[in-house]
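Okay, so here's the structure we're looking at.
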Amino acid sequence: MRSSVTRVAASLLQRRAPIAASRRAYATGAPPPAEGFMPSVATSAFMNQTTEQALNNPELKALAGGTTKKMNLFQSVNEAMDIALATDEKAVVFGEDVGFGGVFRCTMGLQEKYGQDRVFNTPLTEQGLVGFGIGMAAVGHTAIAEIQFADYVFPAFDQIVNEAAKYRYRSGNQFDCGGLTIRMPCMAVGHGGHYHSQSPEAYFAHTPGLKVVIPRSPIQAKGLLLAAIRDPNPVIVMEPKILYRAAVEQVPEGDYTLPLGKAEILREGKDITVVGWGSQIYVLETAIALLERDMPGLSVELIDLRSILPWDVETIEKSVNKTGRLLIAHEAPSTSGFGGEIAAAIQERCFLRLEAPVQRVTGWDIPFPLVFEKFYVPSAIRCAEGIKKAMNY
């Protein structure tokens, strides 16, 4: 008995040795970057690595013949705000620690360029800084507020939902705070735990009077942020923080905007429609690649929703009427996640064309876990299984 126990113990120690070694290597090596790791982004077909690729976009046809510059996502966000400040003398940028560049360096260099009157820190109060932004916008300023993490937005929930969203309506269109834009880093980062990883888009999608957008790349972030800043309604821009440095591509120089409320078909297909937004797009791209290897001939249509509110139901409807199947993936929990709204709307519009129940691959209905993050987020394996389930129904 003792010898068998000894053998089992020795076997377990051998199995643990590589783990222990890797932990020691991690402990003595450099810590992970604040933005986390997402290696699939670097090899994504959706990252435009040349000027020709970047400008070969029907939405950017006005920039034909222009130039581009290699940027990551936080640099493109920075450039969008730089352009907004340069072209609108009433534009101001403010938030917690934005004066020195912010946690993710999105506002780096702006205070030095435009002064402390236009780029400035606020006290550590989300409710206060959003309320301040509403007031600034109400008297004609272009107010660009930063919430340090999307997880911290909830103290400002009343200001956003009951004040900003309703300001125009309750005054009979006499007054508005449409000049307000609220930026916030969102989604998983690899090590953020329950206070630095959440995806709260569905909370705000339930609120008429707001717009909500989530970009997937530097080109998208710059164009959507500039469109949000200039839109005559309050807009929430949620930036997937894991992409701040992981997403790098050639970005058109100069001023341009991309349409709010319009989804983008990233690849066409005929067998199933797959919908996501933000960093989930790259997870879905990986899932599709896995399935194409195992299911030769599979043709998947991938759509980036981009705008959560208003969302482009027509593009999704047209796609599902063609493919007959739909999968939606997002990091937020399943219950009352925005995927449920999409599923309900498509079921109503495409019922007779559906070949399988609408699939949802999401985060679980639990607080966002730290050590179990990889089991929580909708991974490429889980998304591939969801696609396979729809195909085999």
Side-chain angles (χ1 to χ4, degrees), residues 40 44-46 58 187 199 201-202 205-206 212 214 216 220 259 261-365 375-393:
S40 61
S44 172
F46 308 133
M187 303 179 79
S199 300
E201 64 268 15
H206 196 65
V212 181
I214 306 179
R216 71 171 186 275
Q220 296 291 314
K262 182 65 178 174
E264 183 179 8
I265 300 173
L266 299 179
R267 54 174 290 171
E268 296 186 351
K270 60 182 177 59
D271 295 327
I272 184 171
T273 301
V274 174
V275 176
W277 48 88
S279 55
Q280 192 62 32
I281 290 297
Y282 305 103
V283 178
L284 290 169
E285 183 184 23
T286 302
I288 294 167
L290 291 172
L291 280 176
E292 288 177 336
R293 183 186 63 194
D294 297 336
M295 302 174 66
L298 178 67
S299 177
V300 180
E301 184 144 298
L302 177 59
I303 299 177
D304 179 5
L305 194 63
R306 298 197 294 189
S307 287
I308 303 299
L309 188 69
W311 69 283
D312 187 358
V313 63
E314 290 81 11
T315 293
I316 312 301
E317 176 186 6
K318 182 178 179 181
S319 177
V320 174
N321 277 332
K322 175 179 63 175
T323 65
R325 297 175 178 87
L326 172 64
L327 178 137
I328 309 145
H330 59 68
E331 288 186 10
S334 178
T335 300
S336 298
F338 196 68
E341 172 63 25
I342 299 172
I346 294 304
Q347 185 270 344
E348 291 171 354
R349 290 167 175 251
C350 306
F351 182 76
L352 296 178
R353 301 299 296 271
L354 287 171
E355 300 289 345
V358 176
Q359 303 295 311
R360 285 187 291 161
V361 184
T362 69
W364 306 108
D365 288 337
F375 301 101
Y376 175 87
V377 295
S379 66
I381 298 298
R382 285 177 58 198
C383 291
E385 289 298 320
I387 295 172
K388 190 180 296 183
K389 183 179 179 181
M391 294 304 302
N392 293 335
Y393 182 79

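In this text the structure is predicted, and so the values were computed from the model without any measurement. What you see below is based on every heavy atom in this structure, not just the backbone, and it leaves out hydrogens, waters and symmetry mates.
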Problem - Step-by-step side chain to side chain contact (heavy atoms under 4.5 Å, CB included) determination, Ile214 to Leu305 - result: CA-CA 8 Å; Ile214 306 179; Leu305 194 63; over 6 Å; no
Exercise for the section: Please identify each residue that fulfils salt bridge (Lys or Arg N to Asp or Glu O under 4.0 Å) with Glu292, with sequence neighbours left out. Expected result: Arg267
Problem - Shortest non-hydrogen contact between Asp365 and Ser334, atoms and distance - result: OD1-N, 3.2 Å
Exercise for the section: Any chance you could lay out the side chain to side chain contact (heavy atoms under 4.5 Å, CB included) test for Val300 and Leu291, step after step, and finish with the verdict? Expected result: CA-CA 10 Å; Val300 180; Leu291 280 176; 5.9 Å; no
Exercise for the section: Just do the side chain to side chain contact (heavy atoms under 4.5 Å, CB included) check on Tyr393 and Arg325 with the steps written out, would you? Expected result: CA-CA 10 Å; Tyr393 182 79; Arg325 297 175 178 87; 5.9 Å; no
Exercise for the section: Output the distance between atom OG1 (Thr315) and atom CD (Glu264), rounded to the nearest 0.5 Å. Expected result: 10.5 Å
Fill in the blank from the handout: Applying side-chain contact (heavy atoms from CB on, under 4.5 Å) to Glu268 and not counting sequence neighbours gives Ile265, Glu301
Exercise for the section: Please name all residues satisfying side-chain contact (heavy atoms from CB on, under 4.5 Å) with Glu314, sequence neighbours left out, ordered by chain then number. Expected result: Asp312
Handout entry: Polar side-chain atom of Glu285 near backbone of Ala45 as donor-acceptor pair, under 3.5 Å
Key = yes
Handout entry: With Ala329 via side-chain contact (heavy atoms from CB on, under 4.5 Å) - residues at least two apart
Key = Gln280, Leu284, Leu327, Val361, Cys383
Handout entry: Closest non-hydrogen atom pair between Ala205 and Ile308, with its separation
Key = CB-CG2, 3.9 Å
Practice task
Output the distance between atom CH2 (Trp277) and atom CD (Gln220), rounded to the nearest 0.5 Å.
Solution key: 15.5 Å
Handout entry: Contact check, side chains of Arg216 and Leu266, non-hydrogen atoms, under 4.5 Å
Key = yes
Completion exercise
To the nearest 0.5 Å, atom CG of Leu354 lies from atom CG of Asn321 at 8.5 Å
Fill in the blank from the handout: Sorted by chain and number, sequence neighbours left out, salt bridge (Lys or Arg N to Asp or Glu O under 4.0 Å) with Glu317 holds for Arg349
Exercise for the section: Specify the closest pair of heavy atoms between Thr323 and Gly269, including all atoms of both residues, with the distance to one decimal. Expected result: CG2-O, 3.8 Å
Exercise for the section: Would you please name every residue forming a side-chain contact (heavy atoms from CB on, under 4.5 Å) with Asp271, sequence neighbours left out? Expected result: Leu298, Ser299, Met391
Problem - side chain to side chain contact (heavy atoms under 4.5 Å, CB included) evaluation trace for Val377 with Val283 - result: CA-CA 10 Å; Val377 295; Val283 178; over 6 Å; no
Exercise for the section: To the nearest 0.5 Å, tell me how far Ile387 CD1 sits from Leu326 CG. Expected result: 10.5 Å
Problem - Gly278 to Asp304 - nearest heavy-atom pair and separation - result: N-OD1, 4.3 Å
Exercise for the section: Looking only at non-hydrogen atoms, find the nearest pair between Trp364 and Phe375 and report the distance. Expected result: NE1-O, 2.8 Å
Completion exercise
Rounded to the nearest 0.5 angstrom, the NZ-CD1 distance for Lys388 and Ile272 is 12.5 Å
Problem - Exam field: side chain Tyr282 to backbone Phe46, donor-acceptor pair closer than 3.5 Å - result: no
Practice task
Heavy atoms only: give me the nearest Glu331-Ser279 pair and the separation to one decimal.
Solution key: OE2-OG, 3.7 Å
Problem - N/O donor-acceptor pair under 3.5 Å between Arg306 side chain and Lys262 backbone - result: yes
Practice task
Check whether any side-chain heavy atom of Ile328 sits under 4.5 Å from a side-chain heavy atom of Thr362, and report yes or no.
Solution key: no
Exercise for the section: Take atom NZ of Lys322 as the centre, draw a 6.0 Å sphere, and report whether it contains more than 12 heavy atoms from other residues, nucleotides or ligands. Expected result: yes
Fill in the blank from the handout: Between the CD1 atom in Ile316 and the CD1 atom in Ile303, the distance rounded to the nearest 0.5 Å is 4.0 Å
